[in-house]
Amino acid sequence: MLEIIAVHPESVGRELDIEAGDFLLEVNGHAIRDLIDARFYLADSPLLLQIEKADGDLWELEIELGVGDDLGLEFAHPEPSRCGNNCQFCYVHQLPRGLRSTLYIKDEDYRFSFLYGAYVTLANLAESDLRRILEQRLSPLYVSVHAVTPEIRNHLLGKQAPPVLPLLKKLVSGGITLHTQIVLCPGINDGAVLQESISALADLRPGIESLAVVPVGLTGHRQALPSLRTPSRAEAERVLDLIEDRQRQFRTDGGRFVFAADEFYLKAQRPLPSAEHYEGFPQLENGIGLIAAFRQGTKAALREASGLPPLRLTTITGRSFYPELQAFADQLAACSEVDLQVLAVPSCLLGGEISVAGLICGEDILSHLQGVDLGVGLLLPDIVLRDGSDQLLDDLSPAELSARLGCPVTVIDATAPGLVAGIRSFLSGENL
């Protein structure tokens, strides 16, 4: 059964007196386990619904939806399945003590991969899960491969797992589109191992549409954990050499397929590719092409900002993106009278070599900004918020930041146009 948490006004569901708090039990004789079942079976018409009302009454509703009709039902999202891996680079194992309990929950759920683009290893996939993926065409999925060599993959996962290539082949042959990633750990899955992994995954094109290679992220809380390190400059250069060579080969019969995270270019001190290089940014949320995507929007944003009157405010970012954002602030100052102060906030809570904005916590911001003249307010990039929430990683909200900093805090889209829109909101007085 699946709880109905809301019914949209002026929808078919509202006309049928379905209410929040009711439960959807069956659709056309199929038991409903979760949101995915509901989406899959409600796509049919006509429909025979079995509903359990909040008072326990059972209703059967026969419905034939017309073109443009919508049941208008919103359902509870599933609780994620727990992860059975013991990955050497798992972020949960690298968290300091004392954070909210939900941060220490390890999840590994193909449903979340389909619904939200979360990466899963598929190392805990049951045969019934595989059948469901194929039957319900849960595509695309996002898969952490790390290495195609079973021994090396098992070493990184911290468990004995089924070989990944046969599983990927089953999914691809069943019509499932995949995006894949390799978290690169120097001395373990780089070099010849990386080359083998790229080749084996490329052989499954076009079912596997893309492969992201990202450097391992290490916090300052790895006591009693396996010894890992991030790539050196020379290692980053070798990774880029390998990936760029394979991209040239792959382009003879298709797209580039494999992409390196921006961090490799920054570590190797090489120029970043243009937006066209990323072929539609299939792995943008994975840190692949973020800087190119930002640059893509700067010209239009600067035209929009041209001639803006005097205003001083502040925005934040992580250390790795700071030079790019500061360059934009300098361009903004050249075409307007806006003084945008850019501050690189270190990830003090997580520590280690974390330098990306998405892992900055509220307390990091407060400790770094206390006593700083922020101008008329703070523009807070939305990437510091947990997905789908108004809270940072440590549960602080923008409203709490505003109260403790003593200035307005406005959440903005983390793009050049988003920055300009945030500036305009202050100029119009919306946030003052």
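Basis for what follows: all heavy atoms, side chains included, without hydrogens, waters or symmetry-related copies. Position 1 is the first residue of the sequence, and the numbers go up from there.
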What closest approach, in Å, do Ile288 and Phe259 show between heavy atoms, and which atom pair accounts for it? CG2-CB, 3.4 Å
Can Ser397 and Gln391 be counted as having a side-chain donor-acceptor contact under 3.5 angstrom? no
Just by modelled atom types, is the Leu374 backbone N or O under 3.5 Å from a matching donor or acceptor in the Thr314 side chain? yes
Which residue pairs satisfy the ring-ring contact (aromatic ring centres under 6.0 Å, His included) criterion with at least one member in residues 224-250, sequence neighbours excluded? Phe250-Phe257
For Ser139 versus Thr177, what's the shortest heavy-atom pair and its separation? OG-N, 2.8 Å
Which residue pairs pass the side-chain hydrogen bond (donor to acceptor under 3.5 Å, both in side chains) test when at least one of the two sits in residues 183-195, sequence neighbours left out? none
Distance-only, no hydrogens or angles: does the Glu74 side chain make a donor-acceptor pair with backbone N or O of Ile4 under 3.5 Å? no
Taking the side chain as every heavy atom from C-beta outward, state whether Glu108 and Thr121 have any pair of such atoms under 4.5 Å apart. yes
Do you know the tightest heavy-atom contact between Ala76 and Leu35? O-CB, 4.1 Å
In terms of side-chain heavy atoms, does Arg256 have a donor or acceptor partner in Ser210 at a distance below 3.5 Å? no
For residues 160-170, please give each side-chain donor-acceptor pair under 3.5 Å, one per line with the distance, not counting sequence neighbours.
none

Quick one: pull up CD in Glu304 and CG in Leu419 and give me the separation to the nearest 0.5 Å. 13.0 Å
For Phe328, enumerate each residue passing the ring-ring contact (aromatic ring centres under 6.0 Å, His included) test, keeping only those at least two apart in sequence or located in another chain. Phe294
Donor + acceptor pair across side chains of Glu276, Ser274 (<3.5 Å): yes
Do the side chains of Pro271 and Tyr265 get nearer than 4.5 Å, heavy atoms only? no
Taking the side chain from His368 and the backbone from Ala344, do they hold a donor-acceptor pair closer than 3.5 Å? yes
Take Val120 and Leu141 through the test side chain to side chain contact (heavy atoms under 4.5 Å, CB included) and record every step on the way to the result. CA-CA 8 Å; Val120 291; Leu141 294 179; 5.9 Å; no
Flag the pair Arg229 and Glu235 as a salt bridge only when some basic side-chain nitrogen lies within less than 4.0 angstrom of an acidic carboxylate oxygen. yes
Please identify each residue that fulfils side chain to side chain donor-acceptor pair (under 3.5 Å) with Asp262, with sequence neighbours left out. none
Treating Ser336 as the side-chain partner and Leu332 as the backbone partner, does any N or O pair qualify as donor plus acceptor under 3.5 Å? yes
Are Arg312 and Asp373 within salt-bridge range, i.e. N to O under 4.0 Å? yes
Main-chain N/O of Ser81 paired to Asp109 side chain as donor or acceptor, under 3.5 Å: yes
Would you say Arg14's side chain and Val7's backbone share a donor-acceptor pair under 3.5 angstrom? yes
I'd like to know whether Asp34 forms a salt bridge (Lys or Arg N to Asp or Glu O under 4.0 Å) with Arg132, so could you lay out the CA-CA distance, the side-chain angles of the two residues, the decisive distance to 0.1 Å, and finally the verdict. CA-CA 12 Å; Asp34 54 28; Arg132 185 185 186 191; 2.6 Å; yes
ring-ring contact (aromatic ring centres under 6.0 Å, His included) partners for Phe89, two or more places apart: His146
Steps toward side chain to side chain donor-acceptor pair (under 3.5 Å) verdict (Glu196, Thr149): CA-CA 8 Å; Glu196 178 191 17; Thr149 307; 2.7 Å; yes
Please find the pair of heavy atoms, one from Gly422 and one from Ile412, that lie closest to each other, and give the distance. CA-CG2, 3.9 Å
For the pair Arg238 (side chain) and Leu242 (backbone), establish whether a donor and an acceptor sit closer than 3.5 Å, ignoring hydrogens and angles. no
Non-hydrogen side-chain atoms of Thr230 and Pro186 separated by less than 4.5 Å: no
Compare all side-chain heavy atoms of Leu311 with those of Ile423 and state whether any distance is below 4.5 angstrom. yes
Measure the spacing between CZ of Phe321 and CZ of Arg319 and express it to the nearest 0.5 Å. 15.5 Å
From Ile316 atom CD1 to Ile365 atom CD1, the distance as rounded to the nearest 0.5 Å: 3.5 Å
Salt bridge check, Arg82 against Asp107: does any charged N sit closer than 4.0 Å to a carboxylate O? no
Minimum heavy-atom distance between Tyr91 and Thr219, given as atom pair plus value: CE2-CG2, 3.6 Å
Set of residues satisfying ring-ring contact (aromatic ring centres under 6.0 Å, His included) with respect to His179, sequence neighbours excluded: Tyr142
We want to know whether Gln341 and Thr315 form a side-chain donor-acceptor pair, criterion being a heavy-atom distance below 3.5 angstrom. no
Ser402 and Pro408 have their tightest heavy-atom pair at OG-CA, 3.8 Å
So Arg222 and Leu228, side chain to side chain contact (heavy atoms under 4.5 Å, CB included) or not? Walk me through it. CA-CA 9 Å; Arg222 291 193 55 82; Leu228 294 176; 3.5 Å; yes
Among side-chain atoms of Asp37 and Gln136, is any donor-acceptor pair under 3.5 angstrom? yes
Run the side chain to side chain donor-acceptor pair (under 3.5 Å) test against Asn86 and tell me which residues pass, sequence neighbours left out. none
Donor-acceptor pair, side chain of Ser428 and main chain of Ser425, under 3.5 angstrom: yes
Taking atom CD1 of Ile243 and atom CD1 of Ile198, what is their separation to the nearest 0.5 Å? 5.5 Å
Side-chain donor-acceptor pair present, His93, Gln88, cut-off under 3.5 Å: no
Just by distance, do the side chain of Ser11 and the backbone of His8 share a donor-acceptor pair under 3.5 Å? yes
Using residues 376-383 as the side-chain source, report each donor-acceptor pair under 3.5 Å to any protein atom, sequence neighbours left out, with the distance given to one decimal.
from   : atom 1 : to     : atom 2 : distance (Å)
Asp382 : OD1    : Ala414 : N      : 3.4

For Ser320 and Glu263, test the side chains for any donor-to-acceptor distance below 3.5 angstrom and give the result as yes or no. no
Under-4.0 Å salt bridge between Lys267 and Glu237: no
State plainly whether the residues Arg270 and Glu244 are in salt-bridge range, i.e. N to O under 4.0 Å. yes
Return the set of residues passing side chain to side chain donor-acceptor pair (under 3.5 Å) with Arg137 (not counting sequence neighbours), or none when no residue passes. none
May I ask you to check whether Lys106 and Asn85 show a side-chain donor-acceptor distance below 3.5 Å? no
According to side chain to side chain donor-acceptor pair (under 3.5 Å), who are the partners of Arg404, at least two apart in sequence or on a separate chain? Glu363
About how many Å separate CG of Leu201 and CD1 of Ile208, when rounded to the nearest 0.5 Å? 4.5 Å
Who are the ring-ring contact (aromatic ring centres under 6.0 Å, His included) partners of Phe112, not counting sequence neighbours? Tyr116
Asn154 side chain to Pro150 main-chain N or O, any donor-acceptor pair under 3.5 Å? yes
First locate atom SG of Cys361, then atom CG of Leu393, and finally report the distance between them rounded to the nearest 0.5 Å. 4.5 Å
